Amino acid sequence: MKIAIIGGTGKFGRELATNLALVGHDVIIGSRKAGKAVDVVKDIERHSHIELSLKGESNRMAAYLSDIVVLSVPYETIFATIDDIIEELHQKIIITNIVPIEKHRGRFYHKQNCDSVADIIQGYVSLDNIIVAAMHTIPADYLTTSHRLQTFVYTNEEGVLDNIFELFNSINIEPLYCGNLRKSMFAEEMTVFLLNLSILNNMNPGSLKVF
Ligand SMILES: NC(=O)c1ccc[n+]([C@@H]2O[C@H](COP(=O)([O-])OP(=O)(O)OC[C@H]3O[C@@H](n4cnc5c(N)ncnc54)[C@H](OP(=O)(O)O)[C@@H]3O)[C@@H](O)[C@H]2O)c1
């Protein structure tokens, strides 16, 4: 399966794309500017010692070429980003880690919505798209560590879970199914909690481990 990372030039998307490519997935990094994505791919290749199936494209072309689309862009940009690629999204699985967050006076706040971001995306795209919400509580830097991470996973379509679990396990992330998209609001709020916890206690951003 081909995986597009929309926002793949950013902090999170770049690490995720690298990890997926390192274990043999076909990955396409998307950007509003194809040249920027190509440059990021060259940089990743310079630092890796094996041949990767990784390329850089415009967001639209990345979505067109893929079976799974990861949306990893700032919350404020989701509608503009989806509008740009919407024609290429038919029948695709969309994974999102987007947290609606803002920072004021040194503290993070959850931008309260009635719906989770994943629900908002589900309402905006076609009904033939399956949305999966995951990876909210994983800081980008942790993707490059050898620790086995965990992620909460939310979807309204349980039939997709086997494929999604296989994908996460392939990059050493243990998936924990937590229910439908509405419930992913909890993961969004937990991310804000973990970030503030790190500020208040002067430590690195936390992730979660459920034993
Ligand atoms: N960073 C983390 O540790 C982390 C952890 C968990 C979840 N998340 C979530 O992951 C998402 C991405 O986080 P990030 O830290 O990787 O973000 P980021 O580096 O600030 O941005 C990611 C990419 O989004 C695109 N982008 C930026 N501004 C845009 C705009 N105005 N319109 C359209 N596209 C724009 C850019 O790609 P191009 O310029 O190439 O188009 C950028 O490289 C966020 O929603 C965040 O809540 C992040």
Side-chain angles (χ1 to χ4, degrees), residues 3-20 27-44 54-63 69-86 88 94-103 108-113 115-121 124 131-145 147 149-154 168 171 173 175-176 178 181 184-199 203-208:
I3 306 160
I5 317 279
I6 308 300
T9 61
K11 287 190 280 295
F12 193 95
R14 180 191 164 117
E15 304 302 345
L16 180 65
T18 305
N19 281 6
L20 288 166
V27 181
I28 308 138
I29 286 183
S31 170
R32 288 167 293 173
K33 293 189 176 154
K36 182 176 171 187
V38 170
D39 287 345
V40 168
V41 167
K42 281 185 191 153
D43 198 45
I44 294 170
L54 184 64
K55 62 178 172 176
E57 294 283 359
S58 67
N59 281 336
R60 192 168 180 163
M61 183 54 77
V69 174
V70 178
L71 266 185
S72 184
V73 293
Y75 169 69
E76 298 72 21
T77 76
I78 49 176
F79 296 125
T81 303
I82 292 172
D83 285 348
D84 184 35
I85 61 175
I86 194 126
E88 317 305 339
I94 300 171
I95 302 177
T96 175
N97 69 338
I98 296 172
V99 181
I101 200 167
E102 59 191 340
K103 198 173 182 184
F108 288 96
Y109 295 89
H110 185 242
K111 289 187 175 177
Q112 292 291 344
N113 298 306
D115 295 321
S116 66
V117 172
D119 259 331
I120 292 171
I121 292 172
Y124 199 67
I131 313 296
V132 175
M135 301 183 287
H136 308 76
T137 56
I138 300 177
D141 293 344
Y142 289 28
L143 289 169
T144 52
T145 69
H147 294 300
L149 302 166
Q150 287 181 331
T151 181
F152 301 137
V153 176
Y154 304 84
F168 282 127
I171 51 171
I173 296 176
L176 301 170
C178 300
L181 296 180
S184 63
M185 179 83 84
F186 170 78
E188 295 173 10
E189 288 174 344
M190 184 55 66
T191 307
V192 176
F193 166 80
L194 288 169
L195 286 168
N196 285 327
L197 193 70
S198 72
I199 291 171
M203 56 193 220
N204 290 328
S207 194
L208 284 179

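As the structure lists them, so they are numbered: ligands from 1, and atoms in each ligand from 1. No hydrogens, no waters, no symmetry mates; every other heavy atom, side chains included, goes into these values. Just so it is clear, the structure is predicted and the values come from calculations on it, not from any experiment.
Contact of the Val70 side chain with the Thr96 side chain is not registered, since no non-hydrogen atoms from C-beta on lie closer than 4.5 Å. Proximity of Ile101 to His110: side-chain heavy atoms (C-beta onward) are nowhere separated by under 4.5 Å.
For the pair Ile138 and ligand 1, the shortest N or O to N or O distance does not fall below 3.5 Å. Where the criterion is an N or O separation shorter than 3.5 Å, residue side chain and backbone included, Lys33 fails it with respect to ligand 1. By the 3.5 Å distance cut-off applied to N or O atoms, Gly30 is not counted among the residues near ligand 1. At under 3.5 Å, not a single nitrogen or oxygen of Pro139, backbone or side chain, sits near a nitrogen or oxygen of ligand 1. Note: an N/O pair closer than 3.5 Å links Val99 and ligand 1 by distance alone. Residue contacts with ligand 1: Thr9 is placed with a nitrogen or oxygen under 3.5 Å of a nitrogen or oxygen of the ligand (distance criterion only). At least one N or O atom of Arg32 sits closer than 3.5 Å to an N or O atom of ligand 1.
Ile44 CD1 to Asp39 CG: the interatomic distance, rounded to the nearest 0.5 Å, is 11.0 Å. Atom CZ of residue Phe108 and atom CD1 of residue Ile199 lie 4.5 Å apart, to the nearest 0.5 angstrom.
Close approach to Ile98 involves these atoms of ligand 1, each under 4.0 Å from a residue heavy atom: 45 (O). Residue contact check: Ser31 has heavy atoms under 4.0 Å from atoms 38 (P), 40 (O), 41 (O) of ligand 1.
The shortest contact between atom 3 (O) of ligand 1 and any protein heavy atom is with Ala140 N, 2.8 Å. Nearest to atom 8 (N) of ligand 1 among the protein's heavy atoms is Asn97 ND2, 3.5 Å. The protein atom (non-hydrogen) at minimum distance from atom 31 (N) of ligand 1 is Thr77 CG2, 3.4 Å. Looking only at heavy atoms of the protein, atom 16 (O) of ligand 1 is closest to Phe12 N, 2.9 Å. What sits closest to atom 15 (O) of ligand 1 on the protein, heavy atoms only, is Lys11 CE, 3.5 Å.
Evaluation of the side chain to side chain contact (heavy atoms under 4.5 Å, CB included) rule for Glu88 yields Arg60, Ala63, Tyr64 as partners, not counting sequence neighbours.
Paired with Phe12 under the rule side chain to side chain contact (heavy atoms under 4.5 Å, CB included), one option of Val73, Ile5, Leu143 passes, and it is Leu143. Each of Thr77, Ile78, Ile120 was scored for a side chain to side chain contact (heavy atoms under 4.5 Å, CB included) with Ile98, with one residue passing: Ile78.
Both the backbone and the side chain of Val73 come within contact range of ligand 1, each with a heavy atom under 4.0 Å. Of the heavy atoms in His136, only backbone atoms (N, CA, C, O) come closer than 4.0 Å to ligand 1.
Under a 4.0 Å N-O distance rule, the pair Glu76/Lys111 qualifies as a salt bridge.
Looking only at distances, a side-chain donor or acceptor of Glu188 sits under 3.5 Å from a matching main-chain atom of Val117. Thr151 places no side-chain N or O within donor-acceptor distance of the main-chain N or O of Val153, the cut-off being under 3.5 Å.
The closest approach between any non-hydrogen atom of Ile101 and ligand 1 is not below 4.0 Å. Look at Met135 and you'll find a heavy atom under 4.0 Å from some atom of ligand 1. Contact between Pro74 and ligand 1 is present, with at least one heavy atom of the residue lying under 4.0 Å from the ligand.
For the residue pair Asp119 / Tyr154, no side-chain donor-acceptor distance below 3.5 Å is found, with atom types taken as modelled.
Which of Glu76, Lys36, Glu188 comes nearest to atom 39 (O) of ligand 1 through a heavy atom is settled by distance: it is Lys36.
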Please tabulate, for side-chain N and O atoms in residues 131-142, each donor-acceptor pair with protein atoms closer than 3.5 Å (sequence neighbours left out).
unit_1 : atom_1 : unit_2 : atom_2 : d
Tyr142 : OH     : Pro205 : O      : 2.3

